[in-house]
Amino acid sequence: MTLSKFSIHGVRGAALLAGTMLSSTAFAQAQRAPAAAAPVVRAPAVQAPAVPAAPVRTIRSLRVEGSQRIEPDTVLSYTKLRIGIPYTPETLDQAIKDLYASDLLADVAIEGAETGDIIVRVRENPIINRVVLEGNKRLKDDKITKEIKLAPRQIFTRTAVRADVARIIELYRRQGRFAARVEPKMVMLDQNRVDVIFEVSEGAKSKVRQINILGNEVFSDSQLRGEMYTKESRPWRIFSSATSYDEDRMAADQQKLRQFYLTEGYADFRVISAVAELTPDKEDFIITYVVEEGARYKFDDVKVESAIRDFDNAALTKTLPMKKGDWYNAKLVEDTIDQLSEYAGLFGYAFTDVRPDYVPDREKHTMAITFVLNEANRTYVEKINITGNTQTQDRVIRREFRVAEGDAFNAFLIKRSQDRINSLGYFQDKFEIDRTEGSSPDRIVLGANVEEKSTGELTLSAGFSSLERFIIQASIRQRNFRGKGQDLQASVNYSTYQKSVELGFTEPYLFDKNIALGGTLFRRDLNSFNFLGTGRNSLYSQVSTGGQIVASVPLTEFWTLSGRYQLSQDNVGLDQGTYFTNGVCDPLKAGRYLCDSIGNRLTSMVGGNLIFDNLNNRLRPSRGQRLVTGLDFAGLGGDVRFARIRGDFDKYWNVGGFILSAGVEGGYIHSLQKRAGEGIDPVRIVDRFYLGEPQFRGFDIRGVGPRIQRQQYTGSVAGGDQTLVTARDQTLNDPLGGKAYYLGKIELEPPLGSGIAELGLRPSIFIQAGALFGVTRPRPTLAFEQARSADGTLQFNKDGSPSLLPFSSPIRTSDGLQVYNNQFTDGSGQPAIRQTTCSVGYATTVGGTCLGGEPNTVAINTTQPFLEQFLGDSAKPRLSIGIGVNWNSPFGPLRIDLAKALLSQPGDDKKLITFNVGTQF
C-alpha cells in the first residue's frame, strides 16, 4: 500500500491539464486543413483575415478502456459521444470535462481523434475502505462522522475530501478552536481501494483577549463589557465558556448593547461596526466595537387606544407603568406590550395585536407612544392536542389543563396549566403550551408537545455525611408508574446512626377524581447521640414500626386540604452496658431526664394540612409561594396523647435572573397527659422538635435549644485545687429538644453563566434566624455537698469556688438487695475482694445460701463531683449567615455550606462548615 498526501487543487488542475492537451492536438490538426473564407464586414476597404475552419469528422467506432466496476455504457452516458455523429476538438474536450464532472473517474484521456476510431481511456476513482480520524480529542468520532460525507464503500474524490476538511474545521470553529488544522491523507490498498485518514491538530481554544469599545462617552468600557455575553479571558474565568470566541455570541452582544442603551433612553443608538481580529499566533481574538450613542430621550404623551369595545382607554392608560417626563425605556415598553396582551387574554382575546406607535421628537429628544390594541374576536378553545407522549397517558396531561375544549380562552389559566404540567417532572424543562389559530378567527388550538424524560429512578449509592458519617442507600422509584402518574417507591437507608426501610404508593387521581390517596409502611431505627471527647456517642435509640395513610383533595385551584392517619409502635431505649447499673437505668450515667424517657409506647395519630401552592415549579421554583399549616392529634387510642401544630411558608421571586426566596416555619406541641412527676416533661423526648444542621446552617446537628451540659471537676478537696474542665471535647452535651420553635431564612441564587451551569453548580448566599425552646427544666441528677473542715467551716478552693465532696451511695441489685464486699484469698494466695448479697459469709448466687462467718462491708459506689447545667431554653433568636453550593457531581449530589453563627445562646453548638455527599438535598 502507498501513503500519499494530496493538494486541494489536484482535481481542478488535472481536468484543465487534460483539456488543454487535447485542445492543443486538435488545433494543430485543424491548422493543416484548408481555410474557409471569412464573411465580409460593412467597411469594404478592410477585410478580416481568413480563419481556417476545424475539420468535421464522424465517429466510426467508440469504445471504453480501463473501466473495472463501471460499465462502458455508463461511462459513455455521461458524454454526448455516439457512433455516427460528427465531432470536433471542442466536442471531445467537452466530453472529457463531463466525465471528470461525474466524480467517478480519476483520469480521462481520448485517443483516435485523427481517424474517427475513438478510444476513451479511463482510470476509476478508488472505493473508500474506511475513514479514520486521528488526533481528535475535543470532538469525538461520532460527532464528526455524522457531519462529513465520506463513508466506507463510497467512491473517493478529492472534491469530497476538500469539502469534508472544510466541515471538520467548521465544527472546531463552532467550539472556538480557530487554530484547528486538518490534513487529509490516503492509503492505497489493493483492488483499487483506499483508506482516508484525517489527521486533526485541534489547537487551543481561541479566547477573547480584549474587547475594545470606541465612541462611548456616557458609559465606561467596563460597564458595557458587563452587559455582553462574551467576556475577556481572565484567570478567574477558567470555568466560563463565555471567554471563547463565537460569531453568534458576538452578534448577540451587539443586540445586548442596543438593548442596554435603549433601556437607558438612547433611542438613536447604533453599532457602526464590529470587527473580530485573530491574533498572529491564532490563539486569541481582539474584538472592537464602534458605537454611536446619540441623545437620551424622555417619554412624551403615553396612551392606549383600544379597538376592543370591552376596554376603557382612559382606565388602561392610567395603568401604564411609564409617565410623561420619565426617561425612555424600551424594556418597559416591551413589558407593557406583554401586560396588555395578557390583560386581553384574561377576557378571552387570544390573538390581540398590541402595536406601539412611536412618535420621536429629535429636537426635544422626547418619545410619544400610543399602544394600539387592534380589534379582535373573543376566542374559544377549539381543541387541545397532546403529542410526544409515548408512555404517559393523555389523561394524565389533560387533567392538568385548567381549560377544556369549548371554554373561553383565558391567558391566566393557560399559564397555570403550563406550570402544573412542568411541576409533574415527567417532561422537558421549560415546557410551553403552543397556541395556533383554529378553524375560524374566534377559535384557538392549544398544543402540548411534550418530550418525556425518565421518571424511573434506581439508586445504589454510598456517601459520606457530616451528619451521619458513612451512608449506604438503595432505592427504586417510579414517579409515573404505568404512565398513570402514580408514585411507587421502596427504599433502604443505612448509616451509622440511622437505618430505615420504607414502602410507599400514591394514586394522585383516585377513580379519576381529583382526590389523592397514598400509603406508607416503614421501620425506622434512629440512634440519637451526644458529644464527648472528639467523637459522638450513641445516646438513646428509637425504633419505630408503623404505617401512614394520606388523602388530599383540592378546595380551589391553589388551596388543598389533606388528612392523614398514622399508627406506630415506638421503643425508646438506652445502651444497657453504658447507662445501666445492675439492670437499672443509672441517672449518674445517663441523666435522670433520659431514664425518665425510656419505654415502649403505641402512638395513634390523626392529622391534616391546609396547603396553598402557586409555585411555577415544585422541583426548582423561581416564582410563587407555598403555605402549609398542619395540625396533628395523638390520642385516638394508644399510649401517647398530644396536639401539635406546624406552619411553613416559602415565597420565591425572579429578580433579573436572581432567584430570591424567603421562608419562615414554626411549630408547637402540647401534651394532653398529666405530668409524670417533678422535672419530667409530659411530651416525650422523641416527640419534641429539634433544630440545627441541616435546616439551620451555622449550628451542629441538634445544636440549638434546651440541653444538659455536664462538666467534670479535677483536683482534690485536700489540696484546694478543684478545677472545672470546660473544654468542648470534654463536655457531655445532651440535646433535649423543645416544645416550640421558629426558623426564618432569606436566600439568593445568582444567575449563572452557561459554563458554570453545565458543571451542575448552584451557589447561593443566605441568612437564617430561629430558636427552639419551651421544655420543662429536668431535675438535677445529683447534688454534691460542700466539704467542711474539722471545725465545721465550709471549705473553698484557691480560686474561691466551693470544694465539693464525691458522692457515695450503697450499691444495690435490680431487686433492691444490698451488695457487700467480701474479702478472700485467691488461688495465688493474694488477698482479693468479691461482691455478694450476704452481710456475713459468701453466696455463689444472688440471694443464695450464705456460707462462712466472716463479716462483710457495704459496697459503695463513688461518683466524682461534676457540674450539670440546663442551658439553651430561650426564645431569643439565633442568627447565622453564609454561602452554600449545590453540585451535581459525577459521584453524586453534593452540598457544601460555609456559615457563621452571629448570635447564639449559652450551650448552643456552632459549626462553620457542613457538607453532604450521596444524599438528596
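Rounding to the nearest 0.5 angstrom, the gap separating the CZ atom in Arg443 from the CD atom in Glu382 is 6.5 Å. With rounding to the nearest 0.5 Å, the separation of CD1 in Ile369 from OG1 in Thr366 is 10.5 Å. Expressed to the nearest 0.5 Å, how far CG of Leu373 lies from CD1 of Ile308 amounts to 5.5 Å. Separation of atoms CG (Asp300) and CG (Asp361) is listed at 7.5 Å; rounding is to 0.5 Å. Between atom CZ of residue Arg479 and atom CG of residue Leu424 there is a gap of 9.5 Å, rounded to the nearest 0.5 Å. Between atom OG of residue Ser661 and atom CG of residue Leu748 there is a gap of 8.0 Å, rounded to the nearest 0.5 Å.
Distance alone, capped at 3.5 Å, places no donor-acceptor pair between the Arg477 side chain and the Leu488 backbone. Checked by atom type and distance alone, the side chain of Asn614 pairs as donor or acceptor with a backbone atom of Gln625 at under 3.5 Å. Between the Thr392 side chain and the Asn389 main chain, no donor and acceptor come within less than 3.5 Å of each other. At least one donor-acceptor pair under 3.5 Å links the side chain of Glu293 to the backbone N or O of Val218.
Phe311 and Tyr343 have their aromatic ring centers within a separation under 6.0 angstrom. Checked against the 6.0 Å centroid threshold, Phe219 and Tyr261 count as a close aromatic pair.
Looking at Asp221 and Asn216, their side chains do bring a donor and an acceptor atom within 3.5 Å of each other. Checked by atom type, the side-chain pair Asp442/Thr379 shows no donor-acceptor distance below 3.5 Å. Glu452 and Thr390 form a side-chain donor-acceptor contact under 3.5 Å, judged by distance and modelled atom types alone. Side chain to side chain, Asn616 and Ser622 meet the donor-acceptor criterion of an N or O pair below 3.5 Å. Defined by atom type and a distance below 3.5 Å, a donor-acceptor pair is missing between the side-chain atoms of Asn449 and Asp434. A donor and an acceptor atom, one from each side chain of Gln210 and Asn212, are located under 3.5 Å apart.
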Stepwise side chain to side chain contact (heavy atoms under 4.5 Å, CB included) test for Tyr652 and Leu615: CA-CA 8 Å; Tyr652 297 84; Leu615 297 177; 3.6 Å; yes

Verdict with supporting geometry, Ile611 and Arg626, side chain to side chain contact (heavy atoms under 4.5 Å, CB included): CA-CA 7 Å; Ile611 305 169; Arg626 177 179 171 86; 3.8 Å; yes

Decide yes or no on side-chain hydrogen bond (donor to acceptor under 3.5 Å, both in side chains) for Asp284 and Ser206, but give the supporting numbers first. CA-CA 5 Å; Asp284 296 320; Ser206 300; over 6 Å; no

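Here the side chains of Phe299 and Met322 are in contact, with some heavy-atom distance below 4.5 Å. Using a 4.5 Å heavy-atom threshold, the side chains of Phe649 and Thr629 count as separate. Within the 4.5 Å cutoff, side-chain heavy atoms of Leu660 are placed close to those of Ile746.
Ion pairing of Asp246 with Arg174 is absent here, as no side-chain N (NZ or NE/NH1/NH2) approaches a carboxylate O to less than 4.0 Å. For Lys298 and Asp326, the salt-bridge test fails: no basic side-chain N is under 4.0 Å from an acidic carboxylate O. Ion pairing between a basic and an acidic side chain is recognised when a charged N comes within 4.0 Å of a carboxylate O; Glu400 and Arg395 show no such pairing. The existence of a salt bridge linking Glu247 and Arg249 is excluded, since no basic side-chain nitrogen approaches an acidic carboxylate oxygen closer than 4.0 Å. For Glu405 and Lys383, the salt-bridge test fails: no basic side-chain N is under 4.0 Å from an acidic carboxylate O. For the pair Arg209 and Glu232, the salt-bridge criterion is not met [side-chain N within less than 4.0 Å of a carboxylate O]. Using a 4.0 Å cut-off between charged side-chain N and carboxylate O, Arg402 and Glu557 make a salt bridge.
Using cut-offs of 30° and 60° for the angle between ring planes, the Tyr245 and Phe285 rings count as parallel. Note: Phe558 and Phe612 have tilted aromatic rings, judged against thresholds of 30 and 60 degrees for the angle between ring planes.
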